[in-house]
Amino acid sequence: MPELPEITCRAREMSEAVVGRRIVGAKVRQPKCLNVSVDDFNAGLVGAQIRGVTHHGKWLISETSQAYFLLNLGMGGEVLLVRQDGLPETWRVRLDFEDGDALAINFWWFGYAHTAPHDDLAQHTMSAVLGPNAFDIDLDTFRELLAGRRGRIKSLLLDQKRIAGIGNAYIHDILFRAKLHPLRTVPTLSDDDVCALHEAIRAELTRSIDKGGASYELSLHGKPGGFTAEDLLVGYREGKPCPQCGTPIEKLKTGSTSSFICPHCQPLDT
DNA sequence: ATAAGTGTTGCGCA
DNA sequence: CTGCGCAACACTTA
């Protein structure tokens, strides 16, 4: 799930559904995903009332009356609001509310459930070092972000310290929409390219947010998102025709990740 | 049935 | 500064 559209949707859902509720119990099945001891985790959250839920990049951030509660779902996972007597089989961390509901949190790889002091979110380094949210960044800030950079454009867009929220699923369509090859280096981009890329980021993220996020992830209430494989332009569509020109879409290795491109619309040499 | 592939992140190294 | 490989170890697909 773990890209900006899904996290944005989860934050909105949680804002509506759990703000104002009080946590009366916490259970941790996988202590490894915490940044503090189980005892400190419990002490931070049990008795706390949830005040608000936002996100920064792929981090879901809940402010409570006692501590901040920060979630990163890694490479996929759910935050489900369920009854305590109707829990799913697998969950790694659970927060129980006083009304009998619970948040059941699961992820299948590399997730985190952290806490940070009530008065000092900046102490949470993993979220504090993130760049501005990809969706909120304005054109001038985006230009400044690229100025002086020499590396590949795909590496920069995936670097959460520079711009937060884009992952290796949405980036295929973002680059396609901007007509940019993932291996293009930043200095080869014209100002028109930079504007197109800025617009593509907003447009592609919005397209998914408006549908409730990717269909391979579940909402707080257990419903799949409405952004399906059919909505993708070139991502994960190897061999299928480019929606613009019909050229077969290619899959290529770009560093340690894969990329999907239209070789005609996204030429490497310019 | 076994193995490779995968949406994340931080770190060390060249 | 940059790219790259690795380590965290679950689940699907070939």
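Proteins come first, then strands; the chains are lettered A, B, ... in the order of their sequence lines, and each starts at number 1. For clarity, every value in this text was computed on a predicted model and none was experimentally measured. Heavy-atom basis, side chains included; hydrogens, waters and symmetry copies ignored.
Summarising the geometry, atom CG belonging to A:Asp85 is positioned 9.5 Å from atom CG belonging to A:Asp101; distances are rounded to the nearest 0.5 Å. One finds the CD atom of A:Gln123 at 14.0 Å from the NE2 atom of A:His114 (value rounded to the nearest 0.5 Å). The CG atom of A:Leu205 lies 8.5 Å from the CD atom of A:Glu3; values are rounded to the nearest 0.5 Å.
Look at A:Glu13 and A:Arg10 and you find a salt bridge, because one of the NZ, NE, NH1 or NH2 atoms lies within 4.0 Å of a carboxylate O, short of that distance.
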Problem - Intra- and inter-strand pairs of DNA chain C in dot-bracket (Watson-Crick or G-U wobble, both distances under 3.5 Å; | for another strand) - result: .|||||||.|||||
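Closest approach to the A:Lys251 side chain among B:dG5, C:dA10, B:dT9 is made by B:dG5 (side chain taken as heavy atoms from C-beta onward). Of the candidates B:dT9, C:dC9, B:dT6, C:dC9 carries the atom nearest the A:Phe110 side chain, counting heavy atoms from C-beta on. Taking every side-chain heavy atom of A:Trp108 into account, B:dT6 is the closest of C:dC9, B:dT6, B:dT9. Looking at the side chain of A:Glu3, the nearest of the listed nucleotides B:dG10, C:dC9, B:dT8 is B:dT8. Here C:dA8 is the nucleotide among C:dA8, C:dA10, B:dG10 with the atom lying nearest to any side-chain atom of A:Lys32. Candidate nucleotides C:dA10, B:dT8, B:dT6 were compared by shortest atom distance to the side chain of A:Lys253, and B:dT6 ranks first.
The interatomic distance linking A:His124 (NE2) with B:dG10 (P) rounds to 9 Å, in whole Å. Straight-line distance from the CD1 atom of A:Ile163 to the P atom of B:dT9: 13 Å, rounded to whole Å. The separation between A:Leu183 atom CG and C:dT2 atom P is 16 Å, rounded to whole Å. Atom CD of A:Glu217 and atom P of C:dT12 are 13 Å apart (whole Å). Rounded to an integer number of Å, the gap from A:Leu71 CG to B:dT9 P is 13 Å. If you take CG of A:Asn168 and P of B:dG5, they are 15 Å apart, rounded to a whole angstrom. The distance from atom CG of A:Leu73 to atom C1' of C:dC11 is 16 Å, rounded to the nearest whole Å. Rounded to a whole Å, the CH2 atom of A:Trp109 is 13 Å from the P atom of C:dT12.
Seen from the ring of A:Phe135, A:Arg202 counts as a face-on cation partner, given the 6.0 Å and 45° thresholds.
Using atom P as the reference point in both B:dT2 and C:dC9, the two lie 22 Å apart (nearest Å).
None of A:Ile105, A:Leu70, A:Val79, A:Asn72 except one satisfies the side chain to side chain contact (heavy atoms under 4.5 Å, CB included) rule with A:Leu60; the exception is A:Val79.
With sequence neighbours excluded, the residues that form a side chain to side chain contact (heavy atoms under 4.5 Å, CB included) with A:Pro224 are A:Leu218.
For the segment residues 141-162 of chain A, residues with any heavy atom less than 4.0 angstrom from an atom of DNA chain C are, sorted by number, A:Arg149, A:Arg150, A:Gly151, A:Arg152, A:Ser155, A:Arg162.
When the side chains of ILVMFWY residues are joined at heavy-atom separations under 4.5 Å, either directly or via intervening members, A:Val93 and A:Ile7 end up in a single hydrophobic cluster.
Note on ring orientation: taking the six-membered ring where Trp is involved, the planes of A:Phe41 and A:Phe69 are perpendicular (angle over 60°, cut-offs 30° and 60°). Aromatic ring pairs are classed by plane angle as parallel below 30°, tilted from 30° to 60° and perpendicular above 60°; the pair A:Phe227 and A:Tyr170 is tilted.
Contact annotation: A:Ser258 reaches the phosphate of B:dT6 (side-chain N/O to OP1 or OP2, under 4.0 Å).
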